[in-house]
Each structure stands twice: as C-alpha cells, then as structure tokens.
Amino acid sequence: MLAVLVILVAVYAIVGRFLFSEKTPDESNAVTGETQGSKEVITETANEYIKAKAGDASQLREQIARIKEMNLEDYTEESLNNLFDYIAAAEALIAGNAAQEKMDDVSAKLEEAIAALELVQ
C-alpha cells in the first residue's frame with residue numbers, strides 16, 4: 001500500500017509541474033532544461049515573421065549611394081529638400097524592414113526627385 005502511495009505522489013509531482021507551471025512543455029529546452037515564457041516565444045515568432053515579410057532593400061541602398069556621389073551643390077535648395085525627404089523615408093524603410101511594395105514606392109519617388117532636381121541659375 002505504501003508503494004502505491006509513493007507512486008501516486010511521484011506521478012502527481014510530475015504531472016502537477018506541467019499543469020501548474022506558467023511554462024508549457026513545448027516552450028522548454030529538453031537538453032538544457034531552460035524554459036521560455038510565452039511572451040518571449042511570441043516575440044521571437046513575430047520577429048521571424050517580420051523578417052520573412054521584409055522586402056529587399058538593395059535597390060534603395062544603391063540609389064542612396066548614387067545620390068551621395070552626386071555633386072548636390074549645383075541644385076536648388078527646394079529641389080534638394082524634396083530629395084532629402086525621400087532619402088529619409090528610404091532610410092526609415094530600410095531600418096524598419098518594410099515590405100517590398102513600400103520600398104518600391106519610395107524607390108520610384110526617389111527617381112522622380114532625382115529627375116526633378118533643378119540646377120542653380
């Protein structure tokens with residue numbers, strides 16, 4: 001009878017650890033015994049999703065590098081301000097891992113701003 005009682009207590013201890021724990025078994029690392037809270041798991045999953053949805057920023061980077069090589073002193077302040085606004089938007093999209101559609105839109109606006117640069121008279 002004592003042996004049955006010992007077995008029941010052991011089973012309760014094992015099952016109770018999973019039932020009453022804030023961590024779920026699928027959030028634990030069986031090798032190290034470490035666990036992650038559900039907020040950390042959700043954050044990691046969200047970050048992976050964002051990276052998967054992020055667009056390719058190489059075109060924006062190339063455009064910005066090309067603009068930095070230009071002699072901007074030859075252009076009017078007003079036309080440069082328009083260009084600088086789109087450069088700032090492009091850099092924000094690059095830093096924020098934006099979707100490809102947004103990057104393409106800003107890339108087109110950058111090209112328009114370059115084409116609209118006015119020479120100083």
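The first residue of the sequence shown is numbered 1, and numbering continues consecutively from there. As the structure is a prediction and not an experimental result, all values here were calculated from the model.
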Next item on the list: Evaluate the side chain to side chain contact (heavy atoms under 4.5 Å, CB included) criterion for residues T76 and L117: first the C-alpha distance (whole Å), next the side-chain angles of each, then the deciding distance (0.1 Å), finally the verdict.
Entry: CA-CA 7 Å; T76 65; L117 287 174; over 6 Å; no

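- Considering only residues two or more places apart in sequence or on other chains, D105 meets the side chain to side chain contact (heavy atoms under 4.5 Å, CB included) condition with E101.
- What you find for R61 and I94 is that their closest heavy atoms are NH2-CG2, 3.4 Å.
- Under the rule for a salt bridge (charged side-chain N to carboxylate O under 4.0 Å, His left out), the partners of R66 that lie at least two apart in sequence or sit in another chain are E111.
- For S107, the side chain to side chain contact (heavy atoms under 4.5 Å, CB included) partners are Q59, L60, Q63, not counting sequence neighbours.
- Here the closest non-hydrogen pair linking Y75 and L80 is O-CD1, 3.6 Å.
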Next item on the list: Dump the intermediate steps for side chain to side chain contact (heavy atoms under 4.5 Å, CB included) on L72 and F84, then the final yes or no.
Entry: CA-CA 11 Å; L72 300 177; F84 293 150; 3.9 Å; yes

Margin query: Using the rule given for side chain to side chain contact (heavy atoms under 4.5 Å, CB included), can you reason through I87 versus L110, listing the C-alpha separation, both sets of side-chain angles and the distance that settles it, and then say yes or no?
Written below: CA-CA 7 Å; I87 290 172; L110 268 174; 3.9 Å; yes

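- When all heavy atoms of S79 and A116 are compared, the pair lying nearest together is CB-O, 3.9 Å.
- Both L83 and L119 are part of a single hydrophobic cluster, where members link through side-chain heavy atoms under 4.5 Å apart.
- Applying the side chain to side chain contact (heavy atoms under 4.5 Å, CB included) criterion to E112, with sequence neighbours excluded, gives K109.
- Here A89 pairs with V106 under the side chain to side chain contact (heavy atoms under 4.5 Å, CB included) rule; sequence neighbours left out.
- Taking the side-chain hydrogen bond (donor to acceptor under 3.5 Å, both in side chains) definition, one finds that D104 meets it with Q100, sequence neighbours left out.
- Of all heavy-atom pairs between I64 and E91, the closest is CD1-CG, 3.7 Å.
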